[in-house]
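Here is the structure we will look at, set down as structure tokens.
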There are 2 protein chains.
Amino acid sequence: MNDLEKRRSEGRAAILKALAHPSRVLIVEKLSAKPYCVCELTAMVGADTSTVSKHLSILRNAGIVSDSKQGTSVYYSLEAPCLLRLLDCVESVIQQNLQRQLSYLKA
Amino acid sequence: MNDLEKRRSEGRAAILKALAHPSRVLIVEKLSAKPYCVCELTAMVGADTSTVSKHLSILRNAGIVSDSKQGTSVYYSLEAPCLLRLLDCVESVIQQNLQRQLSYLKA
DNA sequence: TTGTTATTTGGCAATATGGCCAATATTTGA
DNA sequence: TCAAATATTGGCCATATTGCCAAATAACAA
């Protein structure tokens with residue numbers, strides 16, 4: 001792995017890592033419909049506000065979401081629209097795995 | 001987050017987690033061209049054989065790659081073709097972040 | 001059988017991640 | 001100004017991840 005490849009892989013892995021948590025996946029899916037504030041997302045995720053806030057800051061640092069303050073609330077929006085197709089691909093891997101398991105059961 | 005949503009997010013995050021490591025991203029990119037054995041991938045990644053073997057087992061457990069033994073070697077192949085488009089999306093997020101940083105510099 | 005090559009597995013130490021609580025802004029409205 | 005509501009940050013602990021070494025396993029050839 002040369003230096004260029006190494007930096008490329010590290011950059012890509014960093015984005016994937018930012019997505020790779022159940023709560024963060026859920027947040028991205030919810031934000032694909034419309035922006036939500038932290039308190040709304042907190043209710044959806046079902047964790048402490050501070051925990052959700054930290055998840056959001058991870059997504060923001062990765063450039064996946066953006067925030068804008070309105071009154072005392074902070075609203076988050078999805079920045080990268082292609083992420084939904086990305087999740088579709090992930091879903092197809094899951095479906096393929098299920099198919100495989102089914103065919104093992106039959107055999 | 002109800003139970004269905006919870007399980008869905010966990011499943012998707014598990015796949016993303018399997019991808020979210022520089023060496024594993026590199027492996028997926030290399031395997032998109034053609035299958036390689038562990039020793040070839042070990043050379044590409046530049047880590048201990050045992051380390052690469054463990055990375056491959058993580059990818060295999062996620063259904064992202066499959067393996068087939070040929071002699072004393074084990075060849076790994078990419079199972080999910082859409083993963084390349086997934087990486088393209090990740091790349092576009094990176095490019096978008098760069099654009100943003102550039103426009104900050106200009107301002 | 002014995003040795004060689006290729007791979008996997010177990011074990012361990014270092015580091016990273018995740019979650020809650022408590023403390024600290026920040027904005028708004030009484 | 002003071003209190004209330006919303007978010008973020010710091011601290012701490014439990015758990016997970018990663019990478020190397022050493023040991024075990026598997027296939028093959030002499």
Side-chain angles (χ1 to χ4, degrees), chain A residues 1 5-7 9-28 30-31 34-77, chain B residues 1 5-7 9-28 30-31 34-77:
Chain A
M1 178 159 46
E5 277 183 330
K6 185 170 181 178
R7 261 176 294 138
S9 305
E10 283 172 355
R12 294 177 172 196
I15 303 289
L16 290 168
K17 214 149 112 178
L19 277 173
H21 186 283
S23 301
R24 298 199 286 271
V25 168
L26 186 84
I27 289 170
V28 166
K30 291 298 183 183
L31 292 184
K34 70 185 179 86
Y36 286 107
C37 67
V38 180
C39 59
E40 288 170 320
L41 292 169
T42 295
M44 292 172 183
V45 169
D48 196 85
T49 313
S50 67
T51 301
V52 174
S53 177
K54 280 175 183 173
H55 282 310
L56 286 166
S57 111
I58 290 172
L59 290 172
R60 176 160 31 77
N61 289 337
I64 293 170
V65 302
S66 63
D67 61 337
S68 80
K69 196 154 195 171
Q70 282 178 240
T72 57
S73 299
V74 177
Y75 280 80
Y76 281 85
S77 320
Chain B
M1 180 159 44
E5 278 184 328
K6 187 171 180 177
R7 259 175 294 140
S9 305
E10 283 171 355
R12 294 178 172 196
I15 304 288
L16 290 168
K17 214 148 113 178
L19 278 173
H21 186 284
S23 301
R24 297 198 288 270
V25 168
L26 186 85
I27 289 171
V28 166
K30 292 298 183 185
L31 292 184
K34 69 185 179 88
Y36 286 108
C37 68
V38 179
C39 58
E40 289 170 319
L41 292 169
T42 295
M44 294 172 182
V45 170
D48 195 86
T49 313
S50 66
T51 301
V52 174
S53 177
K54 280 176 183 172
H55 281 309
L56 286 166
S57 111
I58 289 172
L59 290 172
R60 176 161 30 80
N61 288 337
I64 293 170
V65 303
S66 63
D67 61 338
S68 79
K69 197 154 195 171
Q70 283 179 237
T72 58
S73 300
V74 177
Y75 281 79
Y76 281 85
S77 321

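Keep in mind that what you see is a predicted model, and the values were worked out from it rather than measured. Letters go in sequence order (proteins before strands), and every chain restarts at 1.
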Any side-chain N or O of Tyr76(B) under 4.0 Å from OP1/OP2 of dT8(C)?
-> yes

Distance check: side-chain N/O of Ser53(A) vs OP1/OP2 of dA7(D), anything under 4.0 Å?
-> no

For atom OH of Tyr36(A) and atom C1' of dT6(D), their distance in whole Å | 18 Å

Euclidean distance, atom CG of residue Asp67(B) to atom P of dA27(D) [Å, nearest integer] = 13 Å

Do the side chains of Leu41(B) and Leu31(B) get nearer than 4.5 Å, heavy atoms only?
-> yes

Whole angstrom is fine here: how far is it from CG in Leu56(A) over to P in dT17(C)?
-> 17 Å

State, yes or no, whether a side-chain contact exists between Arg60(B) and Val65(B) at a heavy-atom distance under 4.5 Å.
-> yes

Answer with base, sugar-phosphate or nothing: what part of the nucleic acid does Thr49(A) contact at a heavy-atom distance below 4.0 Å?
-> base

Would you say the side-chain atoms of Ser9(A) pair up with the backbone N or O of Glu5(A), donor to acceptor, closer than 3.5 Å?
-> yes

Would you mind classifying the nucleic acid contact of Ser57(B) as base, sugar-phosphate or nothing, using non-hydrogen atoms under 4.0 angstrom?
-> nothing

The reported gap from CZ in Arg12(B) to CG in Leu26(A) (rounded to nearest 0.5 angstrom) is 10.0 Å

With the side chain defined as heavy atoms from C-beta on, Arg24(B) is closest, among dA7(D), dG18(C), dT18(D), to dT18(D)

Minimum heavy-atom distance Leu19(A)-Leu59(A), with the two atoms named | CD2-CD2, 4.5 Å

In whole angstrom, what separates Arg60(A)'s CZ from dA7(D)'s P?
-> 13 Å

Whole-Å distance between dG18(C) P and Leu59(A) CG?
-> 11 Å

Separation of Ile27(A) atom CD1 from dA7(D) atom P, in whole Å?
-> 12 Å

OG of Ser23(B) to CG of Leu56(B), rounded to nearest 0.5 Å, is 10.0 Å

Compare side-chain N and O positions of His55(B) against OP1 and OP2 of dG19(D) and report whether any pair is under 4.0 Å apart.
-> yes

Between dT17(C) (P) and Asp48(A) (CG): distance, integer Å | 20 Å

Polar side-chain atom of Arg24(B) near backbone of Lys17(B) as donor-acceptor pair, under 3.5 Å = yes

Within the structure shown, what part of the strands sits under 4.0 Å from Ser50(B) by heavy-atom distance: base, sugar-phosphate, or nothing?
-> base

Residue pair Thr51(A)/Lys17(A) against DNA chain C: nearer the 5' end by closest nucleotide is Lys17(A)

In whole angstrom, give the distance that lies between atom NE2 of His21(A) and atom P of dT15(D).
-> 15 Å

A correct 5'-to-3' footprint of nucleotides 23-30 of chain C, with B, S and - meaning base, sugar-phosphate only and no protein heavy atom under 4.0 Å, is ---SBS--

Would you state whether a donor and an acceptor, one from the side chain of Lys54(B) and one from the base of dG11(C), lie under 3.5 Å apart?
-> yes

